[in-house]
Protein chains: 2
Amino acid sequence: MTAPLMAVTVDLAILTVRSGELCVLLVRRGVPPFVGDWALPGGYVLPDEDLRAAADRELREETGLTDIHLEQLATYGAPDRDPRGRTVTVAHLALTPDAPTPAAGTDAAEAQWWPVAGALDLGLAFDHDEILRDGVERARAKLEYSSLGAAFCPPEFTVSQLREVYEAVWGERLDPRNFHRKVTKTPGFLEETGGASSAEPGRPAKLYRRGPVEQLNPPLTR
Amino acid sequence: MTAPLMAVTVDLAILTVRSGELCVLLVRRGVPPFVGDWALPGGYVLPDEDLRAAADRELREETGLTDIHLEQLATYGAPDRDPRGRTVTVAHLALTPDAPTPAAGTDAAEAQWWPVAGALDLGLAFDHDEILRDGVERARAKLEYSSLGAAFCPPEFTVSQLREVYEAVWGERLDPRNFHRKVTKTPGFLEETGGASSAEPGRPAKLYRRGPVEQLNPPLTR
DNA sequence: CGCCTTTATCGTCAAGTTGACGTTTAGGTC
DNA sequence: GACCTAAACGTCAACTTGACGATAAAGGCG
């Protein structure tokens, strides 16, 4: 049997929290198909390129960001998902602290952060609605049982900043006192830096950085 | 830019519990490359076939099984993972109750259940060691916070059977009384059928089937 | 039939965790 | 200083967990 050949792409659901809202980076397509529609950034995997390397490259090209959390999400390969021909896309999920709106890439007329609810109302190109929904779902689930919330925060952050991340991703308010107790009493989740932040009114908050723990046990609860 | 084309396959990590051990279905390769080596069952995705459909088809071809739990695991695409040329594989994880050793498929000289520890010592073809490790890891994690343990059990089963699944997958003993309390008191996890099993010595155990709940909250703990 | 063995099921209790909410602390501003 | 704000710490009842005792319901055996 001779193997059927297909195009393979990577697409990125790059999430951040801006002003208390979970946002995704979308690009407006500048080439067919779906010209003018909004889409997740992505592109073809090169002949000698690893999937992870392709995702890293696209991330760098679209945002200039490096060293942010990037994980494989899922692979989408419905036979008719791309009108140009059979294309399988390996979707990735990236999480980043709030960053300036990046420059547009080569294939994209514009790039812009969108609140996820609004992005899903736009009607994205290809099956990117589904990918985005799955990515947001993954992010929500991972905040519960991993220390990934800190991936949305700058290197040093306060407990309040971290709580605002959880509130934005989960879309619900959390009790500041119980949240503080939980994250500071979980060994290895946070490390005190010694610094303090007095940007906000009120008592200055201690600064923390990510601790070594990846899995939270017991998990945080929505 | 013209899209680089690649072969796309699905590979299956089909897990079951046999005599208290977590086992995986392996096939011995009958065609190059890696002739004679053990490998996960799998094959090319057809030109008009969805990824899920390809996984379903391979599962049916290799085991004759249908209607068992099947989920996408991850996608592996290192440029040199297949000596025949660039090949990306979408690995799937399948969980099934104990079943008879299936007949070999077309490309496989034999098919056989292997305890996972032994299977990893064999040195599997391609990157199937890595896929198997990831699949086992996924199964272990999902038992904690989902009701997927029942996917290893027949339609009707006892609490002890379910506990033996957990013990086999996690590789540790659980207290029968606390396990019983946990699974029977979690609303929606199990449904009593009314029947009883007296196959074992001792008091007959009530029979249960899977309840509607998918996510366990709070989770079971190792 | 009683008695033993086996496993299922139920109960108990101390320790730990959660959720709701009060109190104190440490900065700003007027 | 008085007042505002948010951080950080405390309290307490309800619940969950882990360890393990007690009871129930079968079969085997004298």
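Only this structure's heavy atoms are used, side chains among them; waters, hydrogens and symmetry mates stay out. Just so we're on the same page: letters track the sequence lines, and every chain starts at 1.
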Is [X] reaching over with its side chain to a backbone N or O of [Y], donor-acceptor style, under 3.5 angstrom?
X: A:T158; Y: A:Q161; answer: yes
X: B:R140; Y: B:V169; answer: yes
X: B:T9; Y: B:G43; answer: no
X: A:D175; Y: A:N178; answer: yes

Could you check whether A:E167 pairs with A:R163 (Lys NZ or Arg NE/NH1/NH2 to Asp/Glu carboxylate O, under 4.0 Å)?
yes

For B:R52, is there an ion pair with B:D56 - N to carboxylate O distance below 4.0 angstrom?
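A salt bridge links B:D56 with B:R52.
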
What integer distance in Å separates [X]:[atom1] from [N]:[atom2]?
X: B:K185; N: C:dA8; atom1: NZ; atom2: P; answer: 17 Å
X: A:F179; N: D:dA6; atom1: CZ; atom2: P; answer: 17 Å
X: B:L190; N: C:dA8; atom1: CG; atom2: P; answer: 14 Å
X: B:K206; N: D:dA25; atom1: NZ; atom2: P; answer: 10 Å
X: B:L174; N: D:dC20; atom1: CG; atom2: C1'; answer: 16 Å

Run the ring pair (Phe, Tyr, Trp, His ring centres under 6.0 Å) test on A:Y208 and A:F157 for me, step by step, so that the C-alpha distance in whole Å, both residues' side-chain angles and the decisive distance to 0.1 Å come before the verdict.
CA-CA 5 Å; A:Y208 296 85; A:F157 54 89; 7.2 Å; no

Pairs: protein N or O with nucleotides 5-7 of chain C N or O, under 3.5 Å:
residue	atom	partner	partner atom	Å
C:dT7	O4'	B:P201	O	3.3
C:dT7	O2	B:R203	N	3.1

Once ring pair (Phe, Tyr, Trp, His ring centres under 6.0 Å) is applied, what residue pairs with a partner in residues 120-148 of chain B remain, sequence neighbours excluded?
A:Y145-B:Y145, B:F34-B:F126, B:F126-B:H128

Tell me whether the OP1 or OP2 atom of D:dA8 has a side-chain N or O from A:H180 closer than 4.0 Å.
yes

Letter by letter from the 5' end, nucleotides 15-23 of chain C scores (B base, S sugar-phosphate only, - none; protein heavy atoms under 4.0 Å) --SBBBBB-

